[in-house]
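Start at 1 and go down the list; that is how both ligands and their atoms are numbered.
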Amino acid sequence: MNAKPRVFVTREIMQEAQDLIDQHADMEVWPDEEPPSPDILREKVAGAQGVLTNIMDRVDAQLLDAAPGLKVVSQLAVGLDNVDVAGATARGIPVGYTPGVLAKATADVGFALLMSAARRIGESDRWVRDGQWTLAFHPMRWLGMDIHEKTLGIVGLGQIGLEMARRGRGFDMRIIYYSRTRRPELEAEYGLEYVDLPTLLAEADFVSLHVPLTSETRHYIGEAELRQMKSTAVLINVARGPVVDSAALYTALKERWIYAAGLDVTDPEPIPANDPLLTLPNVVISPHVGSASLVSRGAMCMLAARNLVAGLEGRPLDRCANPEVYEMKKD
Ligand code: NAP
Ligand code: GLV
């Protein structure tokens with residue numbers, strides 16, 4: 001009987017997904033809350049045929065070189081900025097990822113942050129818990145920004161950006177977008193207007209970021225862009241922290257170039273306790289929980305497990321970020 005292929009799973013995942021992998025592989029699951037260090041990760045993957053990673057694991061050329069038997073990298077996420085996908089392709093290794101099962105959950109969090117920042121929910125909750133709610137009601141206190149019938153600007157109209165736009169439609173918002181690829185069919189279906197980035201920044205009451213982190217999108221929103229936004233505007237980032245220049249964002253919020261921000265992602269993560277952003281009332285931050293609903297995470301874990309098993313068995317992955325590896329194999 002052939003020995004089962006060895007796989008390393010870099011963090012505990014849903015039991016059902018572990019059970020599926022267990023049926024097909026000799027599996028080691030990293031038991032700690034903290035991720036394995038790069039050295040340990042390299043050591044663990046060196047003799048493995050498969051690895052199931054998440055956004056905290058760096059899958060770089062060094063790791064790929066250390067693992068000559070690796071047949072598949074399965075990432076438990078949609079974002080792949082921690083994975084050298086081109087390096088994997090060059091080595092003929094398919095990279096799995098998890099689109100299609102988390103966009104709605106992530107947009108739910110994006111919209112929750114949008115509403116919380118606009119209507120000052122995080123700030124007012126902290127105030128109540130602080131024992132400061134001593135005057136029952138005052139007509140001039142806690143005034144925030146309306147959401148309904150305002151303009152929502154989507155930057156990056158992919159799966160999550162579109163879900164965000166759909167939520168905006170439910171609030172009777174005007175939806176404008178800027179994205180690398182114009183999507184006329186979606187414009188017609190959802191009543192979206194394509195604009196260039198400067199127009200979006202100038203016209204949107206809410207600027208919501210949904211681009212992947214790449215060399216092009218690092219600090220996509222910096223001082224110049226923040227200065228183009230309305231002083232009443234709210235910035236939402238559920239993409240990746242470094243898409244925004246945090247130092248510029250701090251100044252923009254402090255000096256009220258913009259009204260508020262809602263962030264599910266920060267730079268770095270976790271945000272240090274002494275980060276100046278945490279001193280500001282007009283920012284609400286969640287700890288990278290976009291896809292963290294029970295159902296979505298369950299679906300992500302199962303998809304990542306299926307991708308891993310398919311790669312071990314030499315079958316095409318359900319969701320592959322570099323399908324060109326299969327073309328290369330035919331050559
Ligand atoms: P997606 O479907 O690939 O959408 C990304 C969109 O951004 C695409 O429309 C893409 O254009 C566009 N884009 C790429 N580079 C651009 C650029 N330089 N300028 C303008 N537009 C650009 O991805 P998604 O599933 O919506 O996810 C987006 C990102 O969200 C992920 O990469 C990840 O970093 C982040 N995310 C965060 C969480 C969380 O928990 N907070 C959860 C999931 C994902 P094309 O159509 O031309 O490709
Ligand atoms: C989460 O951040 C993801 O990219 O899926």
Side-chain angles (χ1 to χ4, degrees), residues 11 13 35 52-57 59 74-83 85 95-114 153-167 176-187 190 192 194-201 207-222 225 235-244 261-271 284-293 296-301 303-304 307 319-323:
R11 220 79 84 257
I13 57 173
L52 194 150
T53 53
N54 66 61
I55 59 169
M56 293 181 74
D57 307 311
V59 181
S74 176
Q75 163 97 335
L76 181 76
V78 130
L80 286 161
D81 42 283
N82 60 308
V83 178
V85 178
V95 176
Y97 70 142
T98 61
V101 294
L102 55 70
K104 288 176 194 284
T106 305
D108 287 347
V109 166
F111 220 83
L113 287 168
L114 180 157
I154 304 287
V155 180
L157 191 72
Q159 294 200 6
I160 300 170
L162 179 62
E163 287 299 333
M164 197 71 184
R166 294 180 66 204
R167 280 150 186 72
I176 57 179
Y177 80 98
Y178 171 69
S179 201
R180 184 169 59 186
T181 310
R182 190 166 172 178
R183 305 289 302 275
E185 74 291 1
L186 297 179
E187 289 171 29
Y190 296 102
L192 317 178
Y194 181 81
V195 293
D196 59 22
L197 187 59
T199 305
L200 183 144
L201 294 170
V207 173
S208 194
L209 305 176
H210 303 287
V211 289
L213 176 62
T214 63
S215 53
E216 209 179 307
T217 61
R218 187 171 291 275
H219 287 194
Y220 210 53
I221 302 297
E225 289 71 27
L235 179 73
I236 307 302
N237 189 5
V238 291
R240 283 289 182 268
V243 171
V244 176
L263 312 174
D264 187 48
V265 289
T266 59
D267 182 20
E269 288 180 12
I271 190 166
V284 53
I285 302 179
S286 52
H288 203 142
V289 298
S291 64
S293 75
S296 292
R297 250 330 131 68
M300 285 168 71
C301 289
L303 176 51
N307 280 336
R319 291 287 183 273
C320 185
N322 57 347

Give a yes or no on whether the backbone of Leu52 and the side-chain of Ser74 come within a donor-acceptor separation of less than 3.5 Å. no
In terms of atom number and element, which parts of ligand 1 are under 4.0 angstrom from non-hydrogen atoms of Tyr220? 17 (C), 18 (N), 19 (N), 20 (C)
Can you list the atoms of ligand 1 that are under 4.0 Å from a heavy atom of Leu157? 9 (O)
min-distance protein heavy atom vs atom 47 (O) of ligand 1 -> Thr181 OG1, 2.4 Å
Would you sort out whether Arg166 and Lys104 count as a side chain to side chain contact (heavy atoms under 4.5 Å, CB included), showing the intermediate values? CA-CA 10 Å; Arg166 294 180 66 204; Lys104 288 176 194 284; 3.3 Å; yes
Decide whether Gln75 and Asn82 meet the rule of one side-chain donor and one side-chain acceptor closer than 3.5 Å. yes
Derivation and outcome, side chain to side chain contact (heavy atoms under 4.5 Å, CB included), residues Ile176 and Leu192: CA-CA 6 Å; Ile176 57 179; Leu192 317 178; over 6 Å; no
Which is it for Arg183 and ligand 1 at heavy atoms under 4.0 Å: side chain, backbone, both or neither? neither
Which protein heavy atom lies closest to atom 41 (N) of ligand 1, and at what distance to 0.1 Å? Asp264 OD2, 2.8 Å
List every atom of ligand 1 that sits less than 4.0 Å from any heavy atom of His288, numbering the atoms from 1 in the order shown and giving each element. 39 (C), 40 (O), 41 (N)
Say whether, by atom type as modelled, one donor and one acceptor occur between the side chain of Ser208 and the main chain of Ile154 under 3.5 angstrom. no
Tell me if a side-chain donor or acceptor on Ser293 pairs with a main-chain N or O of Ala105 at a distance below 3.5 Å. no
Please lay out, stage by stage, how Leu113 and Leu263 fare under the test side chain to side chain contact (heavy atoms under 4.5 Å, CB included). CA-CA 7 Å; Leu113 287 168; Leu263 312 174; 5.8 Å; no
Val109 vs Thr106, side chain to side chain contact (heavy atoms under 4.5 Å, CB included): CA-CA, chis, key distance, verdict: CA-CA 5 Å; Val109 166; Thr106 305; 5.7 Å; no
Heavy atoms only, cut-off 4.0 Å: how does Leu102 contact ligand 1, side chain, backbone, both, or neither? side chain
Under 3.5 Å: donor-acceptor pair, side chain of Asp264, backbone of His288: yes
For atom 29 (C) of ligand 1, which of the options Thr217, Leu263, Val211, Val289 provides the nearest non-hydrogen atom? Val211
Is a salt bridge present between Glu216 and Arg180, judged by a nitrogen-to-oxygen distance below 4.0 Å? no
In the protein, which heavy atom is nearest to atom 4 (O) of ligand 1, and how far is it? Gly158 CA, 3.1 Å
Which protein non-hydrogen atom lies closest to atom 31 (C) of ligand 1, naming both residue and atom, and how far is it? Val78 CG1, 3.7 Å
Quick one: which ligand 1 atoms are inside 4.0 Å of a heavy atom on Ser291? 40 (O)
Looking at Thr214, is its backbone amide N or carbonyl O close enough to the side chain of Asp81 to form a donor-acceptor pair, meaning the two atoms are under 3.5 Å apart? no
When distances are taken from atom 33 (C) of ligand 1, the protein heavy atom at minimum range is Arg240 NH1, 3.5 Å
A quick test of your reading: do over 12 heavy atoms of other residues, nucleotides or ligands sit less than 6.0 Å from CZ of Arg218? no
Counting non-hydrogen protein atoms only, what is the nearest one to atom 26 (O) of ligand 1? Give residue, atom name and distance. Ile160 N, 2.9 Å
Within the 4.0 Å heavy-atom cut-off around ligand 2, the contacting residues, ordered by chain and number, are Ala77, Val78, Gly79, Leu102, Arg240, His288
Would you call the rings of Tyr177 and Tyr194 parallel, tilted or perpendicular, where under 30° means parallel and over 60° means perpendicular? perpendicular
Once you restrict to heavy atoms under 4.0 Å, what part of Pro212 touches ligand 1? Side chain, backbone, both or neither. both
Give me the nearest non-hydrogen protein atom to atom 37 (C) of ligand 1 as residue plus atom name, then the distance to 0.1 Å. Val238 O, 3.0 Å
Checking the side chain of Asn237 only, and the main-chain atoms of Val243 only, is there a donor and an acceptor separated by less than 3.5 Å? no
Return the set of residues passing ring-ring contact (aromatic ring centres under 6.0 Å, His included) with Tyr190 (not counting sequence neighbours), or none when no residue passes. none
Among non-hydrogen protein atoms, atom 35 (C) of ligand 1 lies closest to Ala239 O, 3.4 Å
Quick check on Pro99 - does any of its heavy atoms sit under 4.0 Å from an atom of ligand 1? no
Residue-level breakdown please: for Glu216 versus ligand 1, do any non-hydrogen atoms fall below 4.0 Å on the side chain, on the backbone, on both, or on neither? side chain
Side chain, backbone, both or neither: which applies to His210 and ligand 1 if a contact is any heavy-atom pair less than 4.0 Å apart? backbone
Does Thr106 reach ligand 1 with a nitrogen or oxygen that is under 3.5 Å from one of the ligand's nitrogen or oxygen atoms? no
If we ignore angles and hydrogens, is there a donor and acceptor under 3.5 Å between the side chains of Ser291 and Arg297? yes
